[in-house]
Asker: 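I have a structure I would like to understand better, so I am pasting it below and will then ask my questions one at a time.
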Amino acid sequence: MKTGVSDLPRSVNQGNEFLMLREKKHRVRIEGEGLVVREWRFSDCDSLAENANNEKIWNNVMDHFPHPYTKQDAFDYISMVHAMPAPPMRFAIEVDGSRKYRVWFRRRH
């Protein structure tokens with residue numbers, strides 16, 4: 001089942017606020033053979049919830065990670081990523097057209 005705008009969970013303030021509407025100043029997209037690293041989109045909620053709702057992932061992550069992982073958790077995560085200051089440091093990874101993974105980078109000073 002695909003997520004439409006009306007299917008997305010709402011924020012605590014009952015609106016989609018600036019998180020969905022704010023203009024991004026940096027765009028990141030890296031393409032390789034069968035692989036794309038790109039910024040998160042709200043249309044990724046279904047795929048993120050489906051792939052993150054995995055007990056093996058839950059048992060092996062180092063930070064707080066809910067289980068079961070719901071579409072609301074995915075929406076909250078993507079909202080948090082969009083609210084972070086630029087440049088973007090957390091990305092979705094598509095493998096052969098499927099959004100299956102996520103990755104983030106730490107900036108070194």
Side-chain angles (χ1 to χ4, degrees):
M1 179 157 104
K2 298 283 183 188
T3 300
V5 172
S6 62
D7 296 326
L8 287 173
R10 293 291 189 169
S11 68
V12 175
N13 295 324
Q14 295 301 310
N16 294 327
E17 290 106 15
F18 73 96
L19 297 175
M20 293 177 119
L21 300 175
R22 83 181 176 108
E23 192 174 318
K24 299 287 259 178
K25 297 194 186 310
H26 296 87
R27 296 278 183 212
V28 174
R29 184 176 177 90
I30 302 167
E31 297 186 33
E33 284 188 43
L35 175 78
V36 176
V37 177
R38 61 164 175 76
E39 294 179 60
W40 285 100
R41 300 184 291 240
F42 284 98
S43 61
D44 295 327
C45 282
D46 284 336
S47 178
L48 178 55
E50 179 183 338
N51 289 291
N53 191 32
N54 180 317
E55 193 169 352
K56 291 179 182 178
I57 292 172
W58 178 62
N59 284 329
N60 289 293
V61 292
M62 295 187 304
D63 57 348
H64 173 73
F65 199 84
H67 185 74
Y69 198 96
T70 65
K71 193 189 301 188
Q72 181 67 54
D73 294 318
F75 179 83
D76 292 344
Y77 175 77
I78 294 170
S79 295
M80 185 245 344
V81 169
H82 282 233
M84 296 176 96
M89 300 295 282
R90 297 177 185 222
F91 304 98
I93 300 175
E94 294 181 14
V95 177
D96 294 326
S98 297
R99 298 174 294 252
K100 294 190 175 187
Y101 307 97
R102 67 180 181 171
V103 64
W104 54 90
F105 301 97
R106 183 180 306 178
R107 196 175 358 183
R108 292 194 139 175
H109 300 283

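We count residues from 1, following the sequence as given.
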Asker: Verify, without hydrogens or angle tests, whether W58 (side chain) and P68 (backbone) share a donor-acceptor contact under 3.5 angstrom.
Answerer: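 Between the backbone of P68 and the side chain of W58 there is no qualifying donor-acceptor contact (under 3.5 Å).
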Asker: Side chains of M89 and M84: does their closest heavy-atom pair fall under 4.5 Å?
Answerer: no
Asker: With E55, which residues qualify under salt bridge (charged side-chain N to carboxylate O under 4.0 Å, His left out), at least two apart?
Answerer: none
Asker: So which atom in F42 and which in S79 form the shortest heavy-atom distance, rounded to 0.1 Å?
Answerer: CE2-OG, 3.5 Å
Asker: Heavy-atom distance under 4.5 Å between the side chains of F91 and I30, does that happen here?
Answerer: no
Asker: Would I93 and V36 show up in the same hydrophobic cluster when neighbours are defined by side-chain heavy atoms closer than 4.5 Å?
Answerer: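 They do not share one cluster, since no chain of ILVMFWY contacts under 4.5 Å joins I93 to V36.
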Asker: Verify whether one side chain among D44 and S47 offers a donor that lies under 3.5 Å from an acceptor in the other.
Answerer: no
Asker: Return the CG to NZ distance between D76 and K71, rounded to the nearest 0.5 Å.
Answerer: 13.0 Å
Asker: So do D73 and F65 actually touch side chain to side chain, heavy atoms under 4.5 Å?
Answerer: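 Side chain of F65 against side chain of D73, heavy atoms only: no contact under 4.5 Å found.
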Asker: Indicate the atoms forming the closest heavy-atom contact of C45 with A74, along with that distance.
Answerer: O-CB, 3.5 Å
Asker: Are N53 and H67 packed together at the side-chain level, in the sense that at least one heavy-atom pair is separated by less than 4.5 angstrom?
Answerer: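 They are in side-chain contact.
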Asker: Pair I78, R41 - check side-chain contact (heavy atoms from CB on, under 4.5 Å), show working.
Answerer: CA-CA 7 Å; I78 294 170; R41 300 184 291 240; over 6 Å; no
Asker: Between atom CZ of R29 and atom CD of E39, what is the distance when rounded to the nearest 0.5 Å?
Answerer: 10.5 Å
Asker: What pair of heavy atoms forms the shortest contact from I57 to A52, and how long is it?
Answerer: CD1-CA, 4.4 Å
Asker: Given Y69 and L48, is the side-chain contact (heavy atoms from CB on, under 4.5 Å) satisfied, shown in steps?
Answerer: CA-CA 9 Å; Y69 198 96; L48 178 55; 3.8 Å; yes
Asker: List the atom of L35, the atom of V95, and the distance in Å for their closest heavy-atom pair.
Answerer: CD1-CG2, 4.1 Å
Asker: Work out which heavy atom in R90 is nearest to a heavy atom in W40; give both atom names and the distance.
Answerer: O-CD1, 3.6 Å
